[in-house]
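A, B, ... follow the sequence lines: proteins, then strands. Residue 1 opens every chain.
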Amino acid sequence: MHKKAHLCVYLRIMNIEDTLTQHIKNALQTLFGLQDATITLQSTLKDFEGSHTLLLFPYLKPLQKKPEEIGQAIGDYLVGKAGVVGKYNVVKGFLNLSLTQEAWFASFEAMRQNPTFGNLPARPQKVMVEFSSPNTNKPLHLGHLRNIFLGWSLSQILEACGYEVIKANLINDRGIHICKSMLAYQKAGKPETPASSGIKGDHLVGKYYVAFDKALKQELAPMMREVLENQRLDIFTEAEKITLQNALKKIEDLKKPFAQAFAEITLVEFENLAPEILEKAKETLQTQKGFKALSKDLEKGELAKKIKNLASLEAKTEEEIGNIKEIVQAKTVLMQEAQKMLQDWEAGKAEVIELWKEMNGWVFEGFKQSYDKIGVRFDKIYYESNTYQLGKDIAQEGLEKGIFGKEPNGAVSIDLTAEGLDKKVVQRGDGTSVYITQDMGTADLKFQDFGIDKSVYVVGNEQDYHFKVLFSIMKKLGRSYGEGMYHLSYGMVELPHGKMKSREGTVVDADDLVTEMERIAEEKTKELGKMENLPAEELAKLYETIALGALKYFLLKVEPKKTMLFNPEESVNFHGDAAPFVQYNYARIQSILRKAEQDQVQYGQASYANYKTMHASEADLIAILLTLPAKVQEAGEQYAPSVIAQYSYEVAKGYSRFFADCSIFKADTAEARSFRVALSAQTGYTLKFVLRLLGIKTPERM
RNA sequence: GGUCCCGUAGCUCAGCUGGAUAGAGCAACAGAUUUCUAAUCUGUCGGUCAUUGGUUCGAAUCCAAUCGGGAUCACCA
């Protein structure tokens, strides 16, 4: 009872912003009779004295007074009344407030007393976060890692925000992609297994996927030549012929403007350029390919314009060739065999199912190892082989409700043009599912399974449109969770030379990357030579903690929707704005706490009750620590782990500065020493808290 | 072509519910350790916030147009 009342007092003082806001409201009303004025508080810029700044601009007009006048009046009121504000200064339209030492101590104490500081009150809502959702034909790569880390971190953040969170993974274990791997495996004719080959299951299956692709290319090349050069179309249906002829005509039509534009270019024009660009240009001119890449290297000007024009013509031609390829590819023996296998799978043909189960089993085992390694697990795993037929009843339901309509051939569709979207088919004319059919069904399944209020999808931004449509449909159908659907859309991770392309072997494999990061972590640790006394087992754990931390932080600190660049040579830093720096500060704090224990330094409130002269970096650090709940809330509301990542760096930097400015065990007074240990402990709590939200571990020493 | 996203320092990124002199890290340069972890701290250098116009007391931030980059526009997934 007593304890509870005690806590309430603290909680009231704790939120300085709320307290200040309330006092300022009172001031405005008492002094000027202003009701319900908007109050904008922001943190004070470095160069000015104070910690909180009130913007006075909004009051200038209604009060018809100068900002200095208003600022002084409010400032005087606050200093007189509140006991929170010690002094103030007014600069132009800004009222800078300095808090009293008592206010800092009181808020610090409140924070310390709250063992779950940073967690928001529980709310009776369930949210499912679906992430990872891999295909089972190849191993995880860097792009998947961005997805997985985002999903995991968001789950932790939402839990801290008080939601009950279900982490779900929807594995795409069926379809043409896995049939390709299966077919290649079958054809290879030797009974290779992960055990026999020593290759991790997902990598082994990926190997056969690549093999299929290679064989397909070989088969396709002469066929494409037949079509493109000899225009022989006898193997195609009439409808296909028409499409192909159209495409061929377009390509033909593009040739003349291309040749014309090409003729206008002379090598002389390139001669002023850097030698490496000249080299590139020569090659491009010779092969008449790669104009797009070349145009990126050029400065603005006449020449760049010409090259750009060529690049655009080249792209159009390539697009047409792509269209042709799609049709021709379907005629290859390999693709037809793969399609046949898919049909057999759907028909439940025993030997196909058996092989499918075996190979998927290998992949799942491989994925499990990867997930374990990066510290990720799921509460629920869905398999698309179980869900891909779902959603047909919803198509029916939509028809009955008049939300969907029928096409002449029986396809079910929805017209979303009123919302700026298009018409979308949700079920084929033959009654079978399309992609969105199963997503509708799965959305309902998730609700049936867990009674969720919100549903988050961590999926790449190439599916932005798809989710707009899906969410719109589920809302129209009146689903209770419809308003709570959110697409956490993230951008691609690009490499210095451009996109990752599995076919060109420029994919950064997730397992390889983690291993490489651990190697670097080991190298850096050894360079520093501080950890030589640690047993090998603990060292290995430390390397893993640092390596994964660096990688996760690197991928999480950037706003999700932005395309980001990954440069293997230099991207994942261990210094500055990076996880190892944050972890390092945590480790330092643990070292301090160990020493405090050893020296039997008390650091309860009583031990520093008489400490009065706080250093500026101590107050700054408290101010940073106090914003934890606000940061958690912001990150949750915006679905933005980047907010937490940036905050973790802010905390670490604040501590690092404090550490440099204030000696702890050699402090002038015992009070100062105790307080600084307490401040370190609270910082340690905060660092651990936020790093956990990012899925990053904290080392006890490093 | 329609729609959506992005464009901030040499590089990678913050800031974008409008507020002071646009911030960090990396890189470069100059300092700091008889001291609790230097994977650190302090400082210097570095910017027409893509461009133009508009709204406003005030715009990197909101609106419009333009230019660049990307994505997407299937009865594919």
Side-chain angles (χ1 to χ4, degrees), chain A residues 40 42 44-48 53 55-58 60-61 91-94 96 135 172 174-177 296 300 308 326 384 388 407 409-413 420-422 424-439 460-466 468 489 491-492 494 499 521 524-525 527-528 530-531 546 550 554 557-559 561-567 570-571 573-578 580-585 587-596 599 642-643 645-646 649-650 652-653 656-667 673 676-677 680 701-702:
Chain A
T40 316
Q42 55 187 41
T44 308
L45 292 192
K46 260 194 279 178
D47 303 348
F48 298 90
T53 294
L55 299 191
L56 302 171
F57 300 101
L60 302 188
K61 241 182 205 168
V91 183
K92 291 191 261 181
F94 302 90
N96 300 320
N135 288 354
N172 187 358
R174 55 139 246 129
I176 193 71
H177 60 84
K296 279 184 185 172
K300 271 187 186 168
K308 229 187 124 182
E326 223 168 277
E384 209 177 286
Y388 81 107
E407 298 297 307
N409 68 353
V412 182
S413 70
L421 303 170
D422 274 325
K424 179 81 187 172
V425 168
V426 298
Q427 188 176 49
R428 287 199 196 97
D430 62 8
T432 55
S433 298
V434 292
Y435 180 41
I436 201 155
T437 321
Q438 48 173 299
D439 263 3
N461 62 5
E462 67 273 11
Q463 295 201 35
D464 284 355
Y465 183 76
H466 171 76
K468 271 187 191 164
S489 166
M492 253 180 289
E494 288 186 350
K499 282 185 208 168
K524 302 234 175 194
T525 306
E527 264 171 37
L528 292 169
K530 298 191 287 191
M531 296 292 127
I546 295 171
F554 177 78
K557 74 167 176 175
V558 180
E559 206 182 332
K561 70 177 172 186
K562 286 198 176 173
T563 304
M564 64 186 295
L565 184 86
F566 181 83
N567 186 339
E570 59 199 45
S571 267
N573 216 312
F574 286 69
H575 299 275
D577 187 5
F581 171 66
V582 183
Q583 292 170 318
Y584 169 67
N585 278 286
R588 268 166 149 183
I589 289 168
Q590 299 320 299
S591 168
I592 296 286
L593 296 179
R594 281 192 297 269
K595 189 169 165 58
D599 298 357
S642 58
V643 169
Q646 274 143 32
Y649 178 62
E650 210 182 307
K653 212 163 49 161
S656 214
R657 171 175 273 174
F658 154 77
F659 191 86
D661 287 348
C662 304
S663 190
I664 296 172
F665 293 107
K666 300 235 164 75
R673 183 182 60 183
R676 285 168 187 171
V677 174
S680 297
R701 49 190 102 223
M702 71 183 273

Atom pairs, protein N/O to nucleotides 56-62 of chain B N/O, distance under 3.5 Å:
from: B/C57; atom 1: OP1; to: A/Lys61; atom 2: NZ; distance (Å): 3.3

Fill in the blank from the handout: Reading nucleotides 22-35 of chain B from 5' to 3' and marking B where a protein heavy atom lies under 4.0 Å of the base, S where only the sugar-phosphate is that close, and - otherwise, the string is --SSS--------S
Handout entry: Qualifying residues under ring-ring contact (aromatic ring centres under 6.0 Å, His included), relative to A/His466, sequence neighbours excluded
Key = A/Tyr435
Problem - Per-nucleotide pairing state of RNA chain B [Watson-Crick or G-U, under 3.5 Å; [ ] pseudoknot-crossing; | other strand] - result: (((((((..((((.....[...)))).(((((.......))))).....(((((..]....))))))))))))....
Handout entry: Atom-pair distance (CG on A/Asp464; P on B/C4), nearest Å
Key = 11 Å
Problem - side-chain N/O A/Arg657 vs B/U42 OP1/OP2, d < 4.0 Å - result: yes
Exercise for the section: With heavy atoms under 4.0 Å as the rule, sort A/Met564 into base, sugar-phosphate or nothing. Expected result: sugar-phosphate
Practice task
Indicate whether OP1 or OP2 belonging to B/C5 is found under 4.0 Å from a side-chain N or O atom of A/Lys562.
Solution key: no
Problem - Check: A/Ile664 main-chain N/O paired with A/Arg673 side-chain donor or acceptor under 3.5 Å - result: no
Practice task
Respond yes when some side-chain nitrogen or oxygen of A/Arg174 is under 4.0 Å from OP1 or OP2 of B/A77, and no when none is.
Solution key: no
Handout entry: Any residue meeting ring-ring contact (aromatic ring centres under 6.0 Å, His included) with A/Phe665, in chain and number order, not counting sequence neighbours
Key = none
Handout entry: Atom pair distance, as rounded to whole Å: CZ in A/Phe659 and P in B/U42
Key = 14 Å
Exercise for the section: Determine the contact category for A/Leu565: base if any of its heavy atoms lies under 4.0 Å from a base atom, sugar-phosphate if only primed atoms, P, OP1 or OP2 are that close, otherwise nothing. Expected result: sugar-phosphate
Exercise for the section: Compare side-chain N and O positions of A/Ser656 against OP1 and OP2 of B/C41 and report whether any pair is under 4.0 Å apart. Expected result: yes
Practice task
Could you tell me the separation between the CD atom of A/Gln646 and the C1' atom of B/C16, rounded to a whole number of Å?
Solution key: 13 Å
Handout entry: Closest-nucleotide ordering on RNA chain B, the 5'-leading residue of A/Leu421 and A/Asp661
Key = A/Leu421
Handout entry: Flag if over 12 foreign heavy atoms under 6.0 Å of CZ, A/Arg657
Key = no
Review item, nucleotides 73-75 of chain B N/O atoms under 3.5 Å of protein N/O:
from: B/C75; atom 1: O3'; to: A/Arg428; atom 2: NE; distance (Å): 3.1
from: B/C75; atom 1: O2; to: A/Gly429; atom 2: N; distance (Å): 2.8
from: B/C75; atom 1: N3; to: A/Asn409; atom 2: OD1; distance (Å): 3.4
from: B/C75; atom 1: N3; to: A/Asn409; atom 2: ND2; distance (Å): 2.6
from: B/C75; atom 1: N4; to: A/Asn409; atom 2: OD1; distance (Å): 2.7
from: B/C75; atom 1: N4; to: A/Asn409; atom 2: ND2; distance (Å): 2.5

Completion exercise
From CZ of A/Phe658 across to P of B/U40 the rounded distance in Å is 18 Å
